[in-house]
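Scope of the values below: all heavy atoms of this structure, side chains included, with no hydrogens, waters or symmetry mates. The sequence lines fix the lettering, A, B, ..., with proteins before strands; numbering per chain opens at 1.
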4 protein chains.
Amino acid sequence: MATRRKSGTTDRRNREPEIVDAAVRVFHDKGYLAASLQDVADIVGVLKGSLYHYIDSKEDLLYRICAHSHERASEIMRAAVEASDDPLEQLRTYLTDIGAWYLHNIERVSIYFNEGRWLTGERLEKVRDERREFQGFLRGLIEKAAQQGEIAPHVEPRLATHLILGSLNNVSTWYRPDGLYAPTEIVEAFTQMALASLTGESPSPRTKQPARGRARAK
Amino acid sequence: MATRRKSGTTDRRNREPEIVDAAVRVFHDKGYLAASLQDVADIVGVLKGSLYHYIDSKEDLLYRICAHSHERASEIMRAAVEASDDPLEQLRTYLTDIGAWYLHNIERVSIYFNEGRWLTGERLEKVRDERREFQGFLRGLIEKAAQQGEIAPHVEPRLATHLILGSLNNVSTWYRPDGLYAPTEIVEAFTQMALASLTGESPSPRTKQPARGRARAK
Amino acid sequence: MATRRKSGTTDRRNREPEIVDAAVRVFHDKGYLAASLQDVADIVGVLKGSLYHYIDSKEDLLYRICAHSHERASEIMRAAVEASDDPLEQLRTYLTDIGAWYLHNIERVSIYFNEGRWLTGERLEKVRDERREFQGFLRGLIEKAAQQGEIAPHVEPRLATHLILGSLNNVSTWYRPDGLYAPTEIVEAFTQMALASLTGESPSPRTKQPARGRARAK
Amino acid sequence: MATRRKSGTTDRRNREPEIVDAAVRVFHDKGYLAASLQDVADIVGVLKGSLYHYIDSKEDLLYRICAHSHERASEIMRAAVEASDDPLEQLRTYLTDIGAWYLHNIERVSIYFNEGRWLTGERLEKVRDERREFQGFLRGLIEKAAQQGEIAPHVEPRLATHLILGSLNNVSTWYRPDGLYAPTEIVEAFTQMALASLTGESPSPRTKQPARGRARAK
DNA sequence: TATGAATGAGAGTTCATTCAT
DNA sequence: TATGAATGAACTCTCATTCAT
């Protein structure tokens with residue numbers, strides 16, 4: 001089945017990245033819960049018992065993927081504030097970078113966002129904190145821009161943050177590497193629409209009839 | 001194997017809705033995979049084996065929730081086209097209604113969108129088809145509006161559809177009934193931002209502005 | 001599904017034969033263990049709980065089928081000894097009658113022979129005793145015939161009994177009502193071969209001994 | 001799902017034969033359906049979950065036993081045609097060999113013949129095909145012998161095949177290792193009686209022809 | 001390091017049986 | 001009589017994890 005020995009020489013030792021890569025693939029494809037360590041072991045080409053030389057537990061494997069993700073996210077936040085003095089520019093930079101990061105590391109990042117909930121205890125706490133930091137950062141950018149009058153008045157920064165990050169976070173459910181859209185196209189559209197949604201006037205309805213109070217759904 | 005229960009009428013009286021409700025709760029809280037029928041049975045107050053008087057399988061329980069959801073979604077699509085002749089108005093109606101539906105039935109609907117993937121066979125196919133119908137409808141609305149020049153020129157309908165529905169679909173990950181925002185607020189913000197993102201010019205960056213020219217990269 | 005009420009008038013009351021018939025069908029088709037009372041109830045058109053107004057247990061249902069079978073078998077034994085004074089004639093009569101009985105009641109009788117083992121306690125004992133009586137009777141016939149020199153010398157009566165009854169008992173595994181052979185054909189072949197196997201010389205090996213010319217009857 | 005075990009070599013070392021042996025014992029004693037993997041595990045001395053290191057499913061266990069059986073059966077057919085040119089001799093060889101094989105592997109072989117029906121899908125198909133091959137072979141032998149005038153004229157080969165194999169197949173219901181008869185005795189009696197039933201004249205009734213009162217059973 | 005066997009807990013599912021209505 | 005809900009025990013199967021070799 002899977003190759004046991006690569007043709008090269010220095011094969012012993014660092015199997016760990018290999019294992020994490022395999023886990024990324026399988027956690028992303030099947031979801032953390034549905035994925036079994038057997039699946040991971042099959043890809044790496046070892047028995048599942050052998051994985052425990054490299055990991056402490058299945059959750060440990062998940063945590064490594066998540067932990068790694070956050071490092072990069074921090075850099076992106078730093079870079080955004082350094083890119084410009086204009087909040088709107090910072091916003092654009094941040095959205096573009098975070099989008100590019102997401103799209104180019106879609107497996108790992110979507111695990112971070114979507115499967116991180118299966119962590120427990122401190123680790124769960126930590127990942128949650130990081131995500132809050134994330135959101136807080138974007139919200140801060142929006143608020144700054146709003147103070148400078150660059151954001152449409154009706155926009156609520158925290159809510160907007162959720163909606164914008166949500167649309168990015170959901171990309172993993174429909175994106176296919178061999179699909180219609182290239183990552184850069186998606187990133188561009190995402191950035192553009194996010195900015196427009198923050199700055200643009202929503203067209204007022206033709207008739208008065210305020211768009212509210214409809215849809216007593218179910 | 002096949003259902004033994006007589007279908008159609010209001011047979012299967014007492015406990016069935018109770019069971020489905022319990023399933024909704026537990027599927028939403030823990031996710032379909034992590035939820036056990038034991039959890040459901042505990043809520044209802046019966047032995048897990050007793051659930052099988054009402055269901056054929058765990059998947060059956062999931063399917064019922066999903067199937068129910070789609071009915072309502074169809075009505076909303078119908079209502080949108082009947083609401084107005086103006087595509088933009090239809091769009092607004094649709095987004096508002098679908099948002100309200102989502103928010104007011106957030107447990108069931110997010111199960112439909114996020115846990116439906118665990119269905120198998122024909123049922124999976126059916127749910128997938130329905131979701132495609134969903135997306136196709138919104139895309140159609142956007143395209144119609146675009147033909148009338150009501151949509152910003154750089155917006156790609158299919159991509160926009162994904163991003164907009166994604167932001168809605170993700171609400172379940174952060175919405176809390178006892179949280180800061182009332183469902184209607186969220187719906188309003190969602191609709192407003194979605195429309196703005198479709199119609200609004202994204203502010204051009206101070207520097208160059210290579211934002212267009214969608215190149216087929218990668 | 002199944003009819004609840006026959007068009008006739010006197011439908012209440014004796015559902016018991018109906019239930020036994022249904023059990024015969026399903027026990028024969030699927031085997032006692034694989035058959036469920038639900039299957040029986042479905043055929044009869046009642047809920048499985050309702051069966052317990054007519055039976056004490058699943059095993060009880062099995063027992064009734066078996067008990068009924070033995071009565072007829074006893075008659076056949078009696079009839080055989082009364083049919084003639086010649087042991088070989090008795091043998092022929094018995095084999096023919098028992099074969100006809102088997103073939104014409106193949107479902108019930110094969111349950112008796114093949115599923116009776118699932119009975120427990122006294123009932124199992126009883127059915128076993130009956131079967132031993134059966135075998136003993138045939139063996140007795142063969143022994144009597146042997147004493148009169150009508151049986152090939154190398155034939156061991158008890159062993160022959162097993163082999164002959166076994167070939168009959170196995171008919172249920174291959175017989176199909178719509179198959180190639182009519183019950184009477186099968187009975188005739190069975191009787192003929194059984195008798196030949198008891199009386200006939202098996203051709204000795206090596207020596208050529210060409211088979212003598214015989215007329216085509218049938 | 002699919003087998004994870006490397007096939008072919010003598011991997012899967014220690015316990016596998018033990019497990020199959022235990023399964024043979026318990027499937028034979030209780031029947032496949034009534035036997036539980038718990039029973040098998042108890043004999044082997046492991047937890048029932050541990051069995052799944054060696055098997056894919058309970059049905060897999062059954063299939064292995066059946067598959068193994070067929071190999072040997074094929075050899076026996078081959079050997080029979082090579083043993084002689086005389087069809088009757090081939091017949092004698094075949095019956096003796098198949099009888100010996102049955103008796104000396106009675107547990108496995110009777111599982112093959114009697115419990116194989118519980119297989120499903122392709123495996124069921126395969127076992128059925130094999131059994132048909134079996135029967136076809138014996139029938140072929142009988143037909144060849146008949147063409148050379150070595151079989152009694154009234155014998156219908158296909159029917160005779162069923163009856164002969166049935167009597168063998170049924171041995172497992174009455175044979176006891178510690179019983180009255182040694183396997184070789186049984187094989188000899190079986191062969192002898194089978195041949196006699198094929199070649200011998202059934203003695204004509206003393207009285208006129210019609211086997212009177214032919215059992216209008218029930 | 002890696003193996004492969006074993007564990008143990010828990011999952012979904014089936015079913016004969018009971019019983020209040 | 002019949003219903004339909006509920007029981008409780010057993011079953012097949014899965015999987016993260018451990019450990020002697």
Side-chain angles (χ1 to χ4, degrees), chain A residues 4 11-15 33-41 44-61, chain B residues 1 4-6 11-16 33-41 44-61, chain C residues 4 11-15 33-41 44-61, chain D residues 1 4-6 11-16 33-41 44-61:
Chain A
R4 198 79 19 121
D11 186 51
R12 78 190 105 91
R13 201 192 41 262
N14 242 17
R15 222 130 184 192
L33 287 182
S36 79
L37 289 183
Q38 185 64 258
D39 295 327
V40 176
V44 178
V46 296
L47 294 189
K48 73 177 165 177
S50 308
L51 295 178
Y52 284 81
H53 287 282
Y54 301 95
I55 64 170
D56 288 340
S57 66
K58 190 186 179 189
E59 186 181 323
D60 175 52
L61 208 38
Chain B
M1 322 241 152
R4 243 135 206 178
R5 233 147 274 300
K6 24 215 117 164
D11 199 309
R12 188 191 289 161
R13 216 175 9 268
N14 219 314
R15 292 298 246 288
E16 205 244 351
L33 287 183
S36 79
L37 289 182
Q38 188 63 259
D39 296 329
V40 177
V44 178
V46 295
L47 295 187
K48 69 177 170 174
S50 306
L51 296 178
Y52 285 80
H53 279 279
Y54 300 95
I55 64 170
D56 286 341
S57 65
K58 190 188 180 189
E59 187 180 321
D60 173 55
L61 208 38
Chain C
R4 197 78 22 121
D11 185 52
R12 78 190 104 91
R13 200 189 42 265
N14 244 16
R15 221 126 183 197
L33 287 182
S36 78
L37 288 183
Q38 185 64 258
D39 296 327
V40 176
V44 178
V46 297
L47 294 190
K48 73 176 165 177
S50 308
L51 295 179
Y52 285 81
H53 287 281
Y54 301 94
I55 64 170
D56 288 339
S57 66
K58 191 187 180 190
E59 186 180 323
D60 174 53
L61 209 37
Chain D
M1 318 251 151
R4 243 136 207 178
R5 234 147 275 296
K6 24 215 117 165
D11 199 309
R12 189 191 287 160
R13 215 175 9 268
N14 219 315
R15 291 301 245 290
E16 205 244 350
L33 287 183
S36 80
L37 289 183
Q38 188 62 259
D39 296 328
V40 177
V44 178
V46 296
L47 295 186
K48 67 182 169 171
S50 307
L51 296 178
Y52 285 82
H53 278 279
Y54 301 94
I55 64 170
D56 286 340
S57 65
K58 189 187 179 188
E59 187 180 321
D60 173 55
L61 208 38

If I compare all heavy atoms of Lys48(C) with all of Leu37(C), which pair ends up nearest, and what's the gap? CB-O, 4.2 Å
Could you tell me how far apart Leu51(B) (CG) and dA5(F) (C1') are, to the nearest whole angstrom? 12 Å
Under the rule of Watson-Crick or G-U wobble with both distances under 3.5 Å, where | means paired to another strand and [ ] a crossing pair, DNA chain E maps to .||||||||||||||||||||
Heavy-atom donor-acceptor pair, Lys58(C) side chain to Ala35(C) backbone, under 3.5 Å: yes
Asp60(D) has an atom CG; how far is it from atom P of dT12(F), in whole Å? 14 Å
Could you give the CG-to-C1' distance, from Leu47(D) to dC15(F), as a whole number of Å? 14 Å
Quick one: is dT1(E) close enough that its OP1 or OP2 comes under 4.0 Å of any side-chain N or O from Tyr54(A)? no
Identify the two heavy atoms, one from Val46(D) and one from Arg15(D), that lie closest to each other, and give their separation to 0.1 Å. CG1-NH2, 3.5 Å
side-chain contact (heavy atoms from CB on, under 4.5 Å), that's the test. Do Leu51(A) and Leu61(A) meet it? Break it down for me. CA-CA 10 Å; Leu51(A) 295 178; Leu61(A) 208 38; 5.6 Å; no
Atom OH in Tyr54(D), atom CG in Asp60(D): separation rounded to 0.5 Å? 14.0 Å
Check Leu33(C) against Ala34(D) and note the closest heavy-atom contact, atom names and distance. CD1-CB, 3.5 Å
Any Arg15(C) side-chain nitrogen or oxygen under 4.0 Å from OP1 or OP2 of dA2(F): yes
Between P on dC15(E) and CG on Asp39(C), what's the gap in Å once rounded to a whole number? 8 Å
Could you run down nucleotides 16-21 of chain F 5' to 3' and tag each one B, S or - for protein heavy-atom contact under 4.0 Å? BBB---
